[in-house]
Structures are given as C-alpha cells and as structure tokens.
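Here's the structure we're looking at; comments come further down.
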Amino acid sequence: MANITAGMVKELRDTTGAGMMDCKAALKETDGDMEAAVDWLRTKGLAKAAKKAGRVAADGLVAVAVDGPKGVVVEVNSETDFVARNENFQKMVSAIADVALKTDGDTEALKAADFPGAGKSVEAHISEMVGTIGENMTLRRAESLSVENGAVAAYVHNQTAPGLGKIGVLVALESTGDAGKLAELGRQIAMHVAATNPLAATEAELDPAVVDKERDVLSAEARESGKPEEIIAKMVEGRIRKFYEEVVLSKQAFVIDPDNTVEKAIKNAEGDVGAPIALKGFKRFELGEGIEKEEADFAAEVAAAANG
C-alpha cells in the first residue's frame, strides 16, 4: 500500500479540481497511481464536476416549501434554462427545499445534510448530478421564516412545476385567528411582494444607510431650488415619506386593493380572520439576482470553432 502524502493529494486536486477528501480516496483506491486516480475520479463524476465548476451558473430554479408555521425558500443554480426544465433537476431542487425545512434555511447546514435516499450529502449529490447532466450547478442560498402562531404563506412567480419557478416569496403573519384565511391573506401579500420587490417589511427594518443615502440625494436636489434651509428640510421629509411608500412593504399601495396600503389591508382583514394580525417579515428570492453573467460573443465562438 503506497504512502499517500499531502503533496500527492494536492497535485491530484490541482489537476482535477476535485475535493480534497475525494482526491485522498481516489489515491487510496488506486494505490497512489496518479493517472489511475484521475480516471477513478472521472468514473465517479467528480473530476467532470470540478471542470464544470468554473462556469457561471446563473439560471436554475427558486423553490419554496411550507410546513405549518414554517417556510423555506432556496435557490439552486444551473447554467441554462434547458437544465432548469429537466425533470430530474426539478425533482432534486424540490427535495432540497424539503430538506431545508429541517435545517431552518441554514445554507451550510443544508449542504451538509443528507439528501433523501442518496446516502450522501446534498452538496455531494449536486456534484454527482453535475457529472450526470453535464452542467455546473450550485446550491446558492436558503432562508427560512417561522411564527409561533399564525401562518407562513408562499408564492412562486413564473412557476415551472409545483413550488418551483423564477421568483419565490415567503410571508409570515402572526395571529391566533382562522389559519386558512390567514394563509390566503399571506399568499396575496406574497404575490404583492413578488411584483413590487420591497426593501423592508416596515420602516424600522429599513437599513438606516439606505435612508441616509436617499436623504443626502434629496437634500442636494432640493438645494438646487435655492429655497431657505427650513423649507428644504420640509421638502426632504415629504419626499422621504414618499420614498417609504415606494420601498417599505407595509406602506406600499396593495397591488390587489390599491385604495389601501398593505398595512391597512392587514388591519381590515382582522375582522374576517377573527384576531389581530402582525406582519412578521418576508423573504424574496429572484433567480440569479446579483450574479454577474458572462456575455458570450456567439459570432466569435463560431469563428473560433471554424478556425480550430
């Protein structure tokens, strides 16, 4: 039995891009033969997955799952929409969302959790699927919402399969009232969130830095008018209130009932629900947001292929 050194593991890892433990296992299985170890990793789909890992995965699916007073939203990326429409990929993402309910939406805990029926972790199963399907895939993020009493409602926009789509939203409402009516109200608010993409649920939850930046911009604009400072201060405060109406969920005009704000619509629903209702928060995932996609020059690619 060959002595497997750290240097050998590093060399194999540099060659294939596979994980350290996978490289160590490969060298043990092949008695330290480097070429055989590369082949072993390839047969397991691990080297192939590593080679795909450098490619940008900005497509894929957002999934939601709800279990009583708890809900989760996860994003699993692929390189193309073609894979996002693959039934095996969809089943995998749905299963990952169900597992996320048990890990409270903690992304790292979710990656390390057991994938149902696979005998391996979620992260390892995704790596195996990369080798099977042939595209880079990543579990990008997961978050959860829960309430002690009430409901967590979910909505998926551009749904491609149950609970899967391009935008996933959770809304948490705290109440001791009718659970069914509360869930329906929550779903309507989740639809609103999908459409308006608010920055925060309430004014208190809005990032002070965002407010300060907006105030600075509005103050600079107001000073262009040449009005006295006391007038400028009043102008700015009026515009800040308007800003809250645009970006704070509770202050926004309710898409389903534009004559009322979301806050007022919740208050109006209390009679029907049979108890006070508190908006406890929301989560909104939009597929690929914040990922820098590579812009391919298709003509250049064709020319390169022709010349190759």
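All figures in this text were calculated on a predicted structure; none of them were measured in a lab.
- When all heavy atoms of Lys283 and Leu145 are compared, the pair lying nearest together is CG-CG, 3.7 Å.
- Put simply, OG1 on Thr138 and CD on Glu79 are 9.5 Å apart, with the number rounded to the nearest 0.5 Å.
- Residue Ile256 holds its CD1 atom at 4.0 Å from CD of Gln188, rounded to the nearest 0.5 Å.
- In terms of heavy-atom proximity, Ser175 sits nearest to Pro276 at OG-O, 2.9 Å.
- Of the charged side-chain nitrogens involved, none lies within less than 4.0 Å of a carboxylate oxygen, so that Glu237 and Arg241 do not count as a salt-bridged pair.
- No salt bridge links Lys280 with Glu148; every basic N to acidic carboxylate O contact stays at or beyond 4.0 Å.
- More than 12 heavy-atom neighbours from other residues, nucleotides or ligands sit within 6.0 angstrom of CD on Glu230.
- Other residues, nucleotides and ligands contribute more than 12 heavy atoms inside 6.0 Å of the CE atom of Met34.
- Ion pair Glu229/Arg223 flagged as a salt bridge, since at least one NZ, NE, NH1 or NH2 atom sits closer than 4.0 Å to an Asp/Glu carboxylate oxygen.
- Ala26 and Leu12 make their closest contact through CB-CD2, 4.1 Å (heavy atoms, listed as atom of the first residue, atom of the second, distance).
- With respect to Asp67 and Lys102, no salt bridge is recorded, no charged nitrogen being found less than 4.0 Å from a carboxylate O.
- To the nearest 0.5 Å, the span separating CD1 on Ile189 from CD on Gln252 amounts to 11.5 Å.
- Cluster membership for Leu164 and Met137, using ILVMFWY side-chain heavy atoms within less than 4.5 angstrom, is shared.
- With respect to the salt-bridge test (charged N to carboxylate O, under 4.0 angstrom), the residues Lys111 and Glu108 qualify.
- Note on ring orientation: taking the six-membered ring where Trp is involved, the planes of His192 and Phe254 are tilted (angle from 30° to 60°).
- Here Arg187 does not pair with Glu184 in a salt bridge; the nearest charged N to carboxylate O distance is not below 4.0 Å.
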Checking Lys70 against Asp104 for the salt bridge (Lys or Arg N to Asp or Glu O under 4.0 Å) test, could you report, in this order, the C-alpha distance in whole Å, the side-chain angles of both residues, the deciding distance, and whether it holds? CA-CA 9 Å; Lys70 177 191 287 188; Asp104 294 326; 2.7 Å; yes
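- Linking Ile, Leu, Val, Met, Phe, Trp and Tyr residues whenever their side-chain heavy atoms come within less than 4.5 Å leaves Leu249 and Val247 in two separate clusters.
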